[in-house]
Amino acid sequence: MIDNAKKHIVKIVQESIGKIYSISDLPVSVERTRDEKFGDFSTNAAMMHAHKLKESPMSIGEKLCKDINKSLSKDLFIDKVELVKPGFINFYINKRFWIDVFREIALAKENYGRNNTGEGKKILVEFVGSNPTGPLNVVSARAASIGDSLCNILSFNGYDVKREFYVNDAGEQVTTFVRSLIARYKQIYNPDFKFPEDGYHGDYVKDMAKELDKIYKGKKSLLDKIDDDVWNRCRSFYLSKILGDQQRDVEDFGVKFDNWFREKTLHVEKINNAWIKLKKLGFTYPKDGALWFKSTEFGDDEDRVLVKKNGVPTYFLADIAYHLDKFNRGFDEAIDFMGPDHHAHIARLKMAMKALGIDEKWLDIFIVQQVNLMRSGEKIKMSKRAGKFETMRDLVSEVGKDAARFFFLMRTQSSHLDFDLDLAKEKSSKNPVYYIQYAHARICNILKHAEKEKIDTEKIDKVNTELINKPEEIELAKTLAGFEDICRVSAITYEPHRIAGYLLKLAGIFHNFYNKHRVVTENKELTNARLLIIMSTKIVLANGLELLGISAPEKMQNREKEWPNMILE
RNA sequence: GCGCCAGUAGCUCAGUUGGAUAGAGCAUCUGCCUUCUAAGCAGAGGGCCGGGGGUUCGAAUCCCUCCUGGCGUACCA
């Protein structure tokens, strides 16, 4: 809708330039204005082309305005054209154009905002991805929110999206964990048994050891000797346990992965294929008993090891193989979200992709930055190794799924986040997630009320929209019309937080409208027109919340009224 | 040392990719419930966009440089 308006204006301006300067197809950009006093749309064409046309911006603008004004009486869209200070040409759009959006939304319903920007491109989004060494933490929760929401947004914009979770179940940390588990097990019978220094200290390892003990009680096999069989049993016991927990954490958070990819499945064949490919291309060499990748040829400070002296492939090589596998699965694009400790790794992985001849644009990697949990204005310290850390599960049970997701989605993913636990728990207007949900619930309540009054909400597309003319109503229309744009932009920039910001703004504009104007009144015609307004607002709020993975409640629980102490005194 | 992220109101952050007088929320202050939910609304104050240079009609945004904070810089993952 807005796109059409822009195209319409571009055409007008270009035609005018053609008439006056005999130059055709000069690029003209039209943007929505930031402020109403500059009209609805604006073009900087006069300033952009001042140099080329060898004339001052104001002078060009004056001629263009004059010419455009001549044919304005025939234009149904545009009310007024104006030239302002440095050389902006501002267009004022007829209110009827904006009001049409209500009907458009009411008809499109849950598909309003959906578009085909992605053109069905197959895209794989990898996020959360963890070491199976403990419960998922708050950074994982942040990644889950962002990744999942981005996937929603991408499919809304016409991409064919798959969600993937990468399980690092083949590295050193798995060995360390098994050692920790066995040590805890032994400590049940022999408290003096030494716990490995680099082991995992969390209490959940002790709990796991107790469970293991239940299974093996009486056999004592674990206490006597640790052979391969015992080792593997411990390994698979703990992996299925931890992965089960992680899977549940993520599902309870409302995220469904299409695929849980196990690193183990890359060993040995796919990893071998990856390095053989690199070798054939001449990017590897042996040194000191290890196999190296010539990353310096791609700007790295030093070359990196692919296969260690002991013959075990590095995480780096495994990840190359993993991404090669993604590529071979036929995705047009791949997006990774990684933790803040992966900086150096990301650059190298991209170098390896380049070495393999994969287009740089194929893979985008973003870092989900760290999260500081704040309570009463103080940072809560986190340390995974020391076993003291905030888990995703704890966070969600404390503040709820909706608040957690929204707080993670309010901010750009690349910046560090202070998560205010007190605010997230607060059930008041201070809490932005309630603010938006409340707007939705309020609308639902009015609609319910309208039903009671026996006002027909079914034939709403026949309402008399001529009655819509209050500034708050027009502002609502303009804001609702911007939803498509926001959806598109947040998809192409991979930035879900734009949706969150938009919904906050929309909720505010609605609350303002609500306070100024009654919807259900004696005037049936007006009531119908206003019902149309709130119905379309509800649709956009619901669609936006859906993209964020946050519920759109029909009603909010009434907060108890606080009686002022004054009365009692 | 090098690399990445950041530096915008007292606090936490936006800023539609270079536009016009830089915006929200929290906190502070002032008003508004006999009404479709006050979990709401209206209004006020609060700024050297870290500093300095450059690019141009125009810079919070792009380039250079310096300062400050966080993280990374393994034959760990």
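To find a chain, count down the sequence lines: A is the first, B the second, and so on, and within it residues start at 1. Below, all heavy atoms of this structure are taken into account, side chains as well, without hydrogens, waters or symmetry copies.
- Between His342(A) and C71(B), a side-chain N or O to OP1/OP2 separation shorter than 4.0 Å is absent.
- To the nearest whole angstrom, the two P atoms, one in G7(B) and one in G51(B), are 13 Å apart.
- Rounded to the nearest Å, the gap between the P atom of C66(B) and that of A24(B) is 37 Å.
- Remark: P of A59(B) and CE of Met47(A) are 12 Å apart, rounded to the nearest angstrom.
- The pairing partner recorded for C41(B) is G31(B), the criterion being a Watson-Crick or G-U wobble arrangement whose two distances lie under 3.5 angstrom.
- At least one side-chain nitrogen or oxygen of Ser414(A) sits closer than 4.0 Å to the OP1 or OP2 atom of A6(B).
- For Arg498(A), the side-chain atoms get nearest to U16(B) when compared with the rest of U12(B), U16(B), C41(B).
- Nucleic acid contact class of Arg34(A) (heavy atoms, under 4.0 Å, all strands): base.
- Here A20(B) presents its C1' atom at 12 Å from CE of Met58(A), a figure rounded to the nearest Å.
- Ring geometry for Phe513(A) versus His517(A): interplanar angle of 30 to 60°, hence tilted.
- For the pair Asp303(A) CG and U73(B) P, the interatomic distance rounds to 18 Å; values are reported in whole Å.
- Between Glu172(A) and Phe177(A), the closest side-chain pair of non-hydrogen atoms is not below 4.5 Å.
- Heavy atoms of Arg442(A) sit under 4.0 angstrom from primed sugar atoms or phosphate atoms, though from no base atom.
- For A77(B), the base has no donor-acceptor partner in the side chain of Thr133(A) [N/O atoms by modelled type, under 3.5 angstrom].
- Along RNA chain B, the nucleotide nearest to Pro57(A) and the one nearest to Leu417(A) differ in position, and the one closer to the 5' end is contacted by Leu417(A).
- Closest to the Gln370(A) side chain, of the nucleotides C71(B), A77(B), C36(B), is C71(B).
- Spacing of C1' atoms, U56(B) relative to G43(B), comes out at 40 Å, to the nearest Å.
- Nucleotides G47(B) and C11(B) are separated by 15 Å at their C1' atoms, to the nearest Å.
- Separation of the C1' atoms belonging to G50(B) and U61(B) is 16 Å when rounded to the nearest angstrom.
- Nearest nucleotide to the side chain of Thr412(A), out of G15(B), A77(B), C36(B): G15(B).
- With respect to Lys448(A) and Glu554(A), no salt bridge is recorded, no charged nitrogen being found less than 4.0 Å from a carboxylate O.
- One interatomic measurement links the two molecules: NE2 of His511(A) to P of A24(B), which rounds to 16 Å at whole-angstrom precision.
- To the nearest whole angstrom, the two C1' atoms, one in A59(B) and one in U8(B), are 14 Å apart.
- Residue Phe337(A) forms a ring-ring contact (aromatic ring centres under 6.0 Å, His included) with just one option from Tyr166(A), Phe408(A), Tyr494(A), Phe366(A), and that option is Phe366(A).
- Note on Thr521(A): nothing from the nucleic acid sits closer than 4.0 angstrom, heavy atoms only.
- For Gln369(A), the side-chain atoms get nearest to C5(B) when compared with the rest of U12(B), A77(B), C5(B).
- Here U35(B) is the nucleotide among C57(B), A77(B), U35(B) with the atom lying nearest to any side-chain atom of Arg518(A).
- In this structure, CG on Leu532(A) lies 10.5 Å from CD on Glu473(A), to the nearest 0.5 angstrom.
- Counting non-hydrogen atoms under 4.0 angstrom, Ala290(A) reaches a base of the nucleic acid.
- When Watson-Crick and G-U wobble pairs are counted only if both distances are under 3.5 Å, C4(B) pairs with G70(B).
- Using a 4.0 Å heavy-atom criterion, one finds that Gln437(A) contacts no nucleic acid atom at all.
- Rounding to whole angstrom units, NE2 of residue His49(A) and C1' of G19(B) are separated by 15 Å.
- Side-chain N/O atoms of Lys308(A) include one lying less than 4.0 angstrom from OP1 or OP2 on A77(B).
- Remark: Tyr514(A) is in phosphate contact with A38(B), judged by side-chain N or O atoms under 4.0 Å from OP1 or OP2.
- With centroids closer than 5.5 Å and planes inclined by less than 30 degrees as the test, Phe38(A) and the base of A20(B) pass as a stacked pair.
- By the 4.0 Å N-to-carboxylate-O rule, Lys63(A) lies close enough to Glu55(A) to be salt-bridged with it.
- Remark: Asn515(A) is not in phosphate contact with A42(B), judged by side-chain N or O atoms under 4.0 Å from OP1 or OP2.
- Here Ser56(A) lies out of heavy-atom contact (under 4.0 Å) with every strand.
- The shortest distance between the side-chain N/O atoms of Lys505(A) and the OP1/OP2 oxygens of G23(B) is not below 4.0 Å.
- Between the CG atom of Asn372(A) and the P atom of C5(B) there is a distance of 19 Å, given to the nearest Å.
- In the set C36(B), C13(B), A77(B), the nucleotide with an atom closest to the side chain of Val519(A) is C36(B).
- The residue His343(A) sits close to a base: some heavy atom pair falls under 4.0 Å.
- Classification of Lys294(A) and Asp303(A) as a salt-bridged pair fails, no side-chain N sitting under 4.0 Å from a carboxylate O.
- Among the heavy atoms of the strands lying under 4.0 Å from Lys309(A) is at least one base atom, whether or not backbone atoms are also near.
- Cation-pi contact between Arg442(A) and Tyr514(A): present, with separation from the ring centre below 6.0 Å and deviation from the ring axis of at most 45°.
- Rounded to whole Å, the separation between the P atoms of A20(B) and G58(B) comes to 14 Å.
- Between Arg488(A) and Asp485(A) there is a salt bridge, since at least one side-chain N of the basic residue sits less than 4.0 Å from a carboxylate O of the acidic one.
- Taking for each of Gly501(A) and Ile446(A) the nucleotide of RNA chain B with the nearest heavy atom, the 5'-most of the two is the partner of Gly501(A).
- Nucleic acid contact for Asp288(A): base, since at least one base atom lies under 4.0 Å from a heavy atom of the residue.
- Residue Asp300(A) is out of contact with every strand shown, counting any heavy-atom pair closer than 4.0 Å.
- The CZ atom of Arg142(A) sits 9.5 Å away from atom CG of Leu409(A), with the distance rounded to the nearest 0.5 Å.
- Residue Lys516(A) is classed as having no contact, given no heavy-atom separation below 4.0 Å to the nucleic acid.
- A donor N or O paired with an acceptor N or O is found under 3.5 Å between the base of A20(B) and the side-chain atoms of Asn90(A).
- Under the Watson-Crick and G-U wobble criteria, each requiring two contacts below 3.5 Å, nucleotide C11(B) is paired to G25(B).
- Nucleic acid contact class of Asn44(A) (heavy atoms, under 4.0 Å, all strands): base.
- The distance from atom CZ of Phe88(A) to atom P of C57(B) is 14 Å, rounded to the nearest whole Å.
- The phosphate of A77(B) (OP1 or OP2) has no side-chain N or O of Tyr200(A) nearer than 4.0 angstrom.
- Taking atom C1' in both U12(B) and A27(B), one finds a spacing of 11 Å when rounded to whole Å.
- With a 3.5 Å ceiling on both atom-pair distances, U55(B) lacks any Watson-Crick or G-U wobble partner.
- Atom C1' of nucleotide A20(B) and atom NZ of Lys37(A) are separated by 9 Å, given to the nearest angstrom.
- A close approach under 4.0 Å does not occur between any side-chain nitrogen or oxygen of Thr33(A) and OP1 or OP2 of A20(B).
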